[in-house]
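One structure is given here, and the rest of the page talks about it.
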Amino acid sequence: MAKPRVIYWFRTDLRLHDSPALQAALDLEPEVLWPIFTWDPHYLYKARGGVNRWQFLLDCQNDLSQSITKLNKNSKLFVLREGPQTLFPKLFKAWKPTHLVFEKDTDAYGRSRDEVVAKAAKAAGIQVIIQPGRTLWDSDDIVQHHGGEPTMSITQLQAAGKKIGPVAKPIPAPESLPDPGDMPVDFERHVPEGKPDFNADYRSEEDTGYKHIAGPNGDFAIETLDELGFSPATTPHRGGETRALEILEDLLKDKKYTATFQKPKTSPAQFNPQSTTLLSPFFHFGALSVRLFYWRVHEIVESYGKAASSPPESLIGQVLFRDMYFAAHAALGASFGQTATNPHCRFIPWHLPSKRDPETGLITGDHHIDDQQAEAWFRRWKAGVTGFPWIDALMRQLRHDGWIHHLGRHSVACFLTRGGCYVDWERGCEVFEEWLIDHEPACNIGNWQWLSCTAFFTQYFRCYSPVSFGQKWDKSGELVRRWVPELSRVKEKYIYEPWKMPLPDQKEAGVRVTGDGLSEHQEGTYPKPMFDFNERRNICMAAMKNAYSVGLYGNDDKVLDGSWRTLFPSPDEAEVMGEYESDYGENADNNEYGHEQDGLDGETASNKRGAEKNGTDSKSKKRKTEA
DNA sequence: AGAGGGGTTGCTGAC
DNA sequence: GGTCAGCAACCCCTC
């Protein structure tokens with residue numbers, strides 16, 4: 001029998017060390033091995049992912065390519081600029097491989113993509129080998145050992161993991177790689193529809209990348225930001241396997257830090273250097289193996305003795321949470337990413353609910369504007385001009401650097417959802433998807449559900465304050481001064497509450513606190529806070545209490561057909577989403593959120609808001625007298 | 001099997 | 001300045 005001719009398809013496993021999939025490819029003792037990467041129109045246009053994450057991806061690709069070349073001067077990472085679904089059938093014919101090998105992906109899009117590719121391979125008589133490798137344990141395995149259910153707590157994940165057995169020991173990087181085979185690409189191109197382009201804002205030039213399948217010089221070069229029409233990245237954080245391994249070694253040298261790490265005791269305000277490892281983007285792109293991390297940290301923890309920290313707060317605990325979210329996503333698929341249809345996600349009548357595709361039931365990435373006030377709050381939150389310096393500093397750091405500390409993410413997520421704006425967690429989730437360099441669908445979705453108290457976590461009465469939480473970690477406001485330079489000269493006393501600053505102090509600090517943050521920004525000004533936080537916190541908490549007592553989950557018929565409204569009789573019960581056009585506009589009597597005209601349509605948003613506040617107060621009083 | 005303890009990461013004010 | 005109860009009271013896990 002002829003020797004195997006193997007295509008190794010790199011995706012988010014951009015490393016040579018501890019790759020069970022790459023090892024499986026090499027175990028075939030192939031005659032030729034093509035290390036390839038394919039462009040994916042989904043990530044280029046349909047999934048949000050700003051220029052900063054692209055930069056990190058490029059770093060990982062370039063580093064990997066160089067490492068491959070070090071093992072075989074004839075080889076490198078060959079980038080093919082076409083979507084895998086249309087490319088592979090043609091590649092199978094043109095290159096005549098015997099095997100296609102890649103690492104398992106369990107996120108919703110990844111699964112559907114790989115199914116198409118595997119089917120095409122089968123039709124072409126090519127053997128497909130898929131190996132898990134993104135997580136500590138195979139996520140499908142975890143689900144299976146948890147009764148087919150998603151893991152919704154860290155105890156559940158740990159119990160399932162225990163049943164499977166110890167995390168696999170890391171595999172060393174290969175010492176050599178076979179030559180690549182011929183790579184004819186004289187077949188017809190499929191150029192994807194670039195519209196709608198969720199990343200259009202990042203393109204200052206035309207996206208020319210798809211003009212040539214093997215790049216402008218025909219050498220399968222790694223793309224550049226220029227070719228994608230992107231402006232330069234702003235993030236200082238750089239990727240690559242080499243860098244990842246260096247950061248890991250540096251971390252492990254500090255035995256005390258590694259062994260006694262307690263996440264809740266690391267500061268969200270610390271930067272340069274930050275208080276946590278910042279390894280998350282490397283895990284996302286697979287530039288660092290999470291199992292290598294696990295075992296190397298484990299070693300240090302074991303040798304450190306009793307003073308070491310333990311999960312869930314410890315470093316090991318952090319990667320356990322990652323596996324928990326992956327297994328929840330693996331079990332629920334696309335439903336995991338939204339409330340509607342998700343049996344494990346509480347239904348809360350947030351403002352700015354997602355539009356859904358009537359065919360699939362899936363959210364479209366667009367939202368209903370049920371309330372102009374909430375829309376304005378959402379826009380100010382995203383732009384980092386809420387008038388709350390702690391929130392604004394974090395949002396600006398996030399946009400610029402693509403990374404903020406975990407507790408910073410907690411602060412801004414709580415603020416947007418249950419602890420301030422009462423805006424749908426799916427809105428915030430989309431912004432993080434766009435901006436985070438470490439964006440991992442499962443973890444991002446899971447954490448937004450956690451913070452909004454719709455799944456994983458329920459203690460909605462624990463609410464982050466945009467003033468106190470910042471003060472607790474950063475009394476003098478260094479993070480604010482760094483990211484909100486308008487306030488850099490403000491006295492410590494007012495740094496988290498500039499609206500309390502008397503005029504003479506404003507003058508001295510060279511800033512005027514005025515405006516709504518959305519109108520044209522005036523030099524030397526900082527916006528007024530967009531609401532009274534304590535007032536909003538009380539309204540939101542009462543509304544959460546009410547929604548919890550109604551007790552609907554995302555898969556409930558009442559949620560899907562719109563009759564949930566009968567359970568939230570009127571806006572004066574508590575905060576509840578307002579009116580908006582249905583997704584299924586044709587039949588008003590039978591639409592998704594269909595309901596009788598209730599006489600509110602003529603009222604303004606502010607009138608409704610007034611009713612909410614008054615109603616909340618009277619309701620809570622009523623409850624007290626009943627008790 | 002119902003109760004009680006615990007849950008990575010809240011805030012406030014009293015001592 | 002550090003600890004702790006009270007806030008009002010969620011769900012999960014274990015015994």
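Below, read A as the first sequence line, B as the second, and so on, with proteins coming before strands; counting in each chain starts at 1. The shown structure was predicted, so the numbers you read here are calculated from the model rather than taken from an experiment. The analysis underlying the following values was restricted to heavy atoms, covering all of them including side chains, and did not include hydrogens, waters or symmetry mates.
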Checklist entry - Using the C1' atom in both, what is the distance from C/dC13 to B/dA1, to the nearest Å? => result 13 Å
Item to check | Heavy-atom donor-acceptor pair, A/Thr458 side-chain to C/dC10 base, under 3.5 Å | outcome: yes
Item to check | salt bridge (charged side-chain N to carboxylate O under 4.0 Å, His left out) partners for A/Arg238, two or more places apart | outcome: A/Asp59
Checklist entry - How long is the line joining OH of A/Tyr553 and P of C/dC10, in whole Å? => result 12 Å
Checklist outcome for this item: To the nearest angstrom, the CD-C1' distance between A/Gln262 and B/dT8 comes to 9 Å
Item to check | Contacts of type side chain to side chain contact (heavy atoms under 4.5 Å, CB included), residue A/Lys263, not counting sequence neighbours | outcome: A/Phe261, A/Thr266, A/Thr276, A/Gln318, A/His406
Checklist outcome for this item: For A/Pro236, the side chain to side chain contact (heavy atoms under 4.5 Å, CB included) test, sequence neighbours excluded, returns A/Asp401
Between the protein and nucleotides 13-15 of chain C, list the N/O to N/O atom pairs that are separated by less than 3.5 angstrom.
from: C/dC13; atom 1: OP1; to: A/Ser153; atom 2: OG; distance (Å): 2.7
from: C/dC13; atom 1: OP1; to: A/Gln156; atom 2: NE2; distance (Å): 2.9
from: C/dC13; atom 1: OP2; to: A/Gln156; atom 2: NE2; distance (Å): 3.4

Next on the checklist: As a quick check of understanding, evaluate ring pair (Phe, Tyr, Trp, His ring centres under 6.0 Å) for A/Tyr325 and A/Phe336, giving each step before the final call.
Outcome noted: CA-CA 10 Å; A/Tyr325 289 134; A/Phe336 183 56; 7.3 Å; no
Next on the checklist: Checking A/Pro268 now: which residues fulfil side chain to side chain contact (heavy atoms under 4.5 Å, CB included) with it, not counting sequence neighbours?
Outcome noted: A/Trp390, A/His405, A/Leu407, A/Phe469, A/Trp473
Next on the checklist: Suppose we screen for salt bridge (charged side-chain N to carboxylate O under 4.0 Å, His left out). Which residues come up paired with A/Glu313, at least two apart in sequence or across chains?
Outcome noted: none
Checklist entry - Taking OH from A/Tyr460 and P from B/dT9, how many angstroms apart are they, rounded to a whole number? => result 17 Å
Checklist entry - Base, sugar-phosphate, or nothing: which does A/Trp450 touch, judged by heavy atoms less than 4.0 Å apart? => result base
Next on the checklist: Need one value for A/Arg418: base, sugar-phosphate or nothing, where a base atom within 4.0 Å counts as base even if backbone is also close, heavy atoms only.
Outcome noted: nothing
Checklist entry - With sequence neighbours excluded, what pairs up with A/Lys253 under the salt bridge (charged side-chain N to carboxylate O under 4.0 Å, His left out) test? => result A/Asp250
Checklist entry - Once you round it to whole Å, what is the distance between P of C/dC12 and CD of A/Gln158? => result 17 Å
Checklist entry - Whole-Å distance between B/dT8 C1' and A/Arg409 CZ? => result 15 Å
Checklist entry - Checking A/Asn52 side chain against A/His400 main chain: does a donor-acceptor pair fall under 3.5 Å? => result yes
Next on the checklist: Given the ring of A/Phe282, does A/Arg243 sit roughly above its face, with NZ or CZ under 6.0 Å from the centre of the six-membered ring and within 45° of the axis?
Outcome noted: no
Checklist entry - If we take the P atom in both B/dC11 and C/dC11, what is their distance in whole Å? => result 22 Å
Item to check | Rounded distance in Å between the P positions of B/dG5 and C/dA5 | outcome: 14 Å
Checklist entry - With pairs taken as Watson-Crick or G-U wobble and both distances under 3.5 angstrom, which stems of at least three consecutive pairs involve DNA chain B? => result B:2-7 with C:10-15, B:10-15 with C:2-7
Checklist entry - Under a 4.0 Å heavy-atom cut-off, which of residues 309-329 of chain A touch DNA chain B? => result A/Pro312, A/Glu313, A/Gln318, A/Phe321
Checklist entry - Rounding to a whole Å, what distance do you find between A/Leu157:CG and B/dT8:P? => result 12 Å
Item to check | Inter-nucleotide P distance (C/dA8, B/dA3), Å rounded | outcome: 24 Å
Checklist entry - Within a radius of less than 6.0 Å around NZ of A/Lys163, do more than 12 heavy atoms belonging to other residues, nucleotides or ligands occur? => result yes
Checklist entry - Would you say A/Ile495 and A/Pro389 make side-chain contact, with heavy atoms under 4.5 Å? => result no
Item to check | Pairwise P distance for C/dC4 and B/dG6, with rounding to whole Å | outcome: 15 Å
Checklist entry - Applying the salt bridge (charged side-chain N to carboxylate O under 4.0 Å, His left out) test to A/Asp18, which of A/Arg291, A/Arg296, A/Lys169 qualifies? => result A/Arg291
Next on the checklist: Going by salt bridge (charged side-chain N to carboxylate O under 4.0 Å, His left out), name the residues that satisfy it together with A/Lys528, two or more places apart in sequence or in a different chain.
Outcome noted: none
Item to check | Residues in side chain to side chain contact (heavy atoms under 4.5 Å, CB included) contact with A/Val290, at least two apart in sequence or another chain | outcome: A/Leu136, A/Phe283, A/Val319, A/Arg322
Item to check | Sequence-aligned protein contact record of nucleotides 10-15 of chain B, with B where the base is within under 4.0 Å of a protein heavy atom and S where only the sugar-phosphate is | outcome: BSS---
